[in-house]
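Here is the structure we will look at.
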Amino acid sequence: MRDVFVRLYNDGLIYQGDYIVNWCPRCHTAISDLEVEYDERNGFLWQILYPFAEGDRGVVVATTRPETMLGDTAVAVSPGDKRYEDKIGRIVILPLVNRRIPIIADDLVSMEFGSGAVKVTPASDPNDFAIAERHRLEVIKIMDGSAVINENGGVYKGQDRYECRENVLRDLEKGGYLVGKEPYVHSVGQCYRCKTDIEPMVSKQWFVKIKPVAKKAIAAVVKGKTKLLPATWESTYFEWMNNIRDWCISRQIWWGHRIPVWYCDTCGKEIVSTKDPTLCPDCRGNSLKQEEDVLDTWFSSALWPFSTLGWPDKTKALKTFYPTSLLITGFDILFFWVARMMMMGLYAMKDVPFRDVYLHALVRDEEGEKMSKSLGNIIDPIEMIEKFGADAFRFTLAAFTAQGRDVRMSEERIAGYKHFVNKIWNATRFTLMNLEDYPGGDVHVEKGDESLPDRWIKHRLNITIDEVVGSLNEYRFNDAASSIYQFVWHEFCDWYLELIKPTLYGKSDPAKRLAAQHTLFTVMKATLKLLHPFMPFVTEEIWQTLVNDGSSIMVSEFPAPDDGYQDPLADSRMGIIMGVISSIRNIRGEMNIAPSRKLKVVIATQEERSLEVVGTGAGYIVNLANLNNLVVDRSEEEPNNAATGIIGAIKVFVLLEGMDTAGEKARLEKEMARVNKDLMIISKKLANRDFMAKASREVIEKEEEKFRGIKEKHDVLETALKRLQNMA
RNA sequence: AGGCGGGUAGCUCAGCGGGAAGAGCGCCACGCUUACACCGUGGAAGUCACAGGUUCGAAUCCUGUUCCGCCUACCA
């Protein structure tokens, strides 16, 4: 901390001066611009008459803070304002105080606001202070550190600022100077720590000349040496950094790092040093007094990325870890801390402190309000954890964290993910039950013993791993979370576990059973690892019981895509079988057939490949669609009393004795309507000359393919409907 | 005042380097089938804020309008 201060000082980037700062009358300290919070207030805009010294009427000024008039040293008007052109340079008498003050012209004054004339109180307003500097006006402080009027306030001495306001108003009114009052909403700065109204006040403070340092921090982001993510934050960062003002780093509080500056009692020399000096280098005097002010806590915080690694020593840690790879933080800390770490890192280390800065979403309450203690709308994470579990809560946060958006926390969503944790737990129970006799260790499984579902689920797992890894690399946590969710629930649990149940339960084929167990174990382990960053507790617990070799999932290797798992053929075969099963289930559901009733089904197709896939997968279809009879053939003949389903080139007939023909007709017509709509859209497209001429060949082929598929479906539906007509 | 983000199914939100609208929850129907009723199967549900434009084609790109949220600055 001292090292940086001394270097900045020697480089001429630290200076001390009388400036107007944000002063907290309760904390008795200056605070930085960033530490001021603004609050809308219903107040008044008062109009006060300042008479000319010559005795004629005078000018009217408007103010929200009449009490500050005690410190007025001028009245300012806009240079281009015709109304006041001839009055510039004249003298007015400040009411109640009887001070003679000039009328001056300054660009800062707007002609439109109020009366067009503004009172100038350099010691109590930042703008007025700037005007005073330009016009060399006197600066009269009228308050002490507690915002109580001092001796410059004459009879009002000893009054609090708000008490004084009332008295000043009363006296102005009495003297006939108060000429107007209207309700006015304006914002008042408050101390972010204690909420006391800030009093802009002139005092001696230490500042960092920030522009030169900020310039480098801007360039680092422009050049991409540090990336802000989501990238939209970069424009916000630039906006702020380009308009940055000098940083007030001194504080008048009793805690914190004292500024490493000493004053010689003998000759008044200012000594700036990293080590406590004992002698004045100039006069050899030994009576030295250290500066009373301490540093803004953000000053040392800004050094965090390298000071924690041992700087200024050239430590191994510093060499190894600086620049760090990633900082994750909230956007509200971007200026407070991130920008300052950037500036100080570049200054002291000549390199950025971090490669990536990920600005995560802010969690808001269910109404989208920012949580705050005073609003009382804090969602306590501990309560959520007690109610839904740490893993469900954590997973929810990840699932909600889409880039560039804030999170509106909703308990319903957390509850949904609690169910997901439960689902995982139950899948684990299933796995444990069915692995009881699994030998473990290096089980050898012949490729040929692996079933279609085994190959399929590994293929899907591989895709999931690829998606999750890709999403995490881009900080797309919500995409990673939904990929895992989708895989675990809707592929692994919904399909794979159901598909292998007969193999696991029946002990007729030990080799296939072992292969299924092996796949189950393998996929389960990889899934747990994928889930672990999102659900650390449950996954570790399961790992300990399932793997049970004394290892921790925390230190296991994160899954990486494995080409050996790729099996697009299994994927497409499984897709056909799943399509057939879904189609039968759909008919069952729509025709209101009880889930327990076993069905007879005929599957017909002229396509050899489909015939083969459905034929070899018949067992899965019988099982998952709950059939007691399945015929697969290439016959063109279509059975009567059958509900029809279509999956590409495959026709599915669910045989129903005494079928509800009206119900089936309605079902087919609904499907037909959907098909017709699609058909119309696509045929219109294909009939469009411009489309055929201008669209890419890929797109056209895709559309034509789509058209063929839908047309096929349309024809099947048509014949099925005709058959129903004939039956009736 | 300036900047940024958003308005997509009843709710909370994905999709937005243009080619048939997605998820979770909720809702409806049917089911206690030896992992799970915190479940299973099926289903209904959207003029993608509005108006123009670019394009063969727009939720997706451009312009404008409107409403909401946030940030920064100022406010005599």
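Letters A, B, ... are given to chains in the order of the sequence lines, protein chains preceding strands, and every chain is numbered from 1.
Ionic pairing of A:K702 and A:E705 is not present here: no N-O contact between side-chain nitrogen and carboxylate oxygen is shorter than 4.0 angstrom. Comment: A:K713 does not engage A:D678 in a salt bridge, judged by the lack of any side-chain N to carboxylate O separation of less than 4.0 angstrom.
Base contact: A:V699 has a heavy atom under 4.0 Å from a base atom. At the heavy-atom level, A:S482 lies nowhere under 4.0 Å from the strands shown. Residue A:L432 is classed as having no contact, given no heavy-atom separation below 4.0 Å to the nucleic acid. Backbone-only engagement by A:R476 is indicated by non-hydrogen atom pairs under 4.0 Å involving sugar-phosphate atoms exclusively. Within 4.0 Å (heavy atoms only), A:V109 reaches at least one base atom of the nucleic acid. Using a 4.0 Å heavy-atom cutoff across all strands shown, A:W46 reaches no nucleic acid atom at all. Note on A:R674: only backbone sugar-phosphate atoms sit closer than 4.0 angstrom, heavy atoms only; bases stay farther off. If you check every strand for non-hydrogen atoms under 4.0 Å, A:E703 touches sugar and phosphate atoms only. Within 4.0 Å of A:K119, counting heavy atoms only, lies no atom of the nucleic acid at all. A:S110 comes within 4.0 angstrom of a base, heavy atoms only. Residue contacts shown for A:L45 are limited to sugar-phosphate atoms, with no base heavy atom under 4.0 Å away. As judged by a 4.0 angstrom heavy-atom cut-off over every strand, A:D494 is placed among residues touching the sugar-phosphate backbone only. Residue-level contact check: A:Y417 touches neither bases nor backbone, having no heavy atom under 4.0 Å from any strand. Across all strands shown, A:I593 has no heavy atoms under 4.0 Å from either base or sugar-phosphate atoms.
To the nearest 0.5 Å, the span separating CD1 on A:I647 from CD1 on A:I577 amounts to 11.5 Å. Atoms CE and CD, on A:M591 and A:E664 in that order, are 4.5 Å from each other to the nearest 0.5 Å.
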### Query
Which dot-bracket notation, 5' to 3', represents the base pairing of RNA chain B when pairs are defined as Watson-Crick or G-U with both distances under 3.5 Å, crossing pairs as [ ], and inter-strand pairs as |?
((((((((.[[[[.)...(..]]]].(((((.......))))).....[[[[[..)....]]]]])))))))....
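A:S683 and A:K711 share no side-chain donor-acceptor pair at under 3.5 Å.
Taking all atoms of both residues into account, the shortest heavy-atom contact from A:G645 to A:S583 is CA-OG, 3.6 Å. The minimum heavy-atom distance between A:I587 and A:A643, with the atom names listed, is CG2-CB, 3.6 Å.
Counting distance only, with no hydrogens placed and no angle test, the side-chain atoms of A:E498 and the base atoms of B:A35 include a donor-acceptor pair under 3.5 Å.
Across B:G19, B:A35, B:C56, the shortest atom-to-atom separation from the side chain of A:K501 is found for B:A35.
A close approach under 4.0 Å does not occur between any side-chain nitrogen or oxygen of A:R697 and OP1 or OP2 of B:G19. Remark: A:K706 is in phosphate contact with B:A20, judged by side-chain N or O atoms under 4.0 Å from OP1 or OP2. At B:A35, one or more side-chain N or O atoms of A:Y505 fall inside 4.0 Å of OP1 or OP2 (strictly under the cut-off). Side-chain N/O atoms of A:W489 include one lying less than 4.0 angstrom from OP1 or OP2 on B:G40. Regarding contacts with the backbone of B:C38, every side-chain N or O of A:R429 stays at 4.0 angstrom or more from both OP1 and OP2. A:K684 has no side-chain polar atom (N or O) that falls below the 4.0 Å cut-off from OP1 or OP2 of B:G57. Residue A:K598 places no side-chain N or O under 4.0 Å from the OP1 or OP2 atom of B:U33. At the phosphate of B:G40, OP1 or OP2 sits under 4.0 Å from a side-chain N or O atom of A:K423. For A:H490, no side-chain nitrogen or oxygen approaches OP1 or OP2 of B:G40 to under 4.0 Å. Here A:H419 reaches the OP1 or OP2 of B:C39: one of its side-chain N or O atoms lies under 4.0 Å away. The side chain of A:N127 places no N or O atom within less than 4.0 Å of a non-bridging phosphate oxygen (OP1 or OP2) of B:C74.
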All N/O contacts under 3.5 Å from nucleotides 9-12 of chain B to the protein, with atom names and distances to one decimal?
unit_1	atom_1	unit_2	atom_2	d
B:U12	O2	A:R413	NH1	3.0

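Separating the C1' atom of B:G7 from that of B:C36 is a span of 39 Å, rounded to the nearest Å. Nucleotides B:U12 and B:G69 place their C1' atoms 16 Å apart, quoted to the nearest Å.
Nearer to the 5' terminus of RNA chain B, by closest-nucleotide assignment, is the contact made by A:D678 (compared with the other of A:D678 and A:C493).
Exactly one of A:R585, A:K670, A:K665 qualifies for a salt bridge (charged side-chain N to carboxylate O under 4.0 Å, His left out) with A:E590. That residue is A:K670.
Between A:Y417 and A:F534, the gap from one ring centroid to the other reaches at least 6.0 Å. Between A:F388 and A:F393, the ring centre distance reaches or exceeds 6.0 Å.
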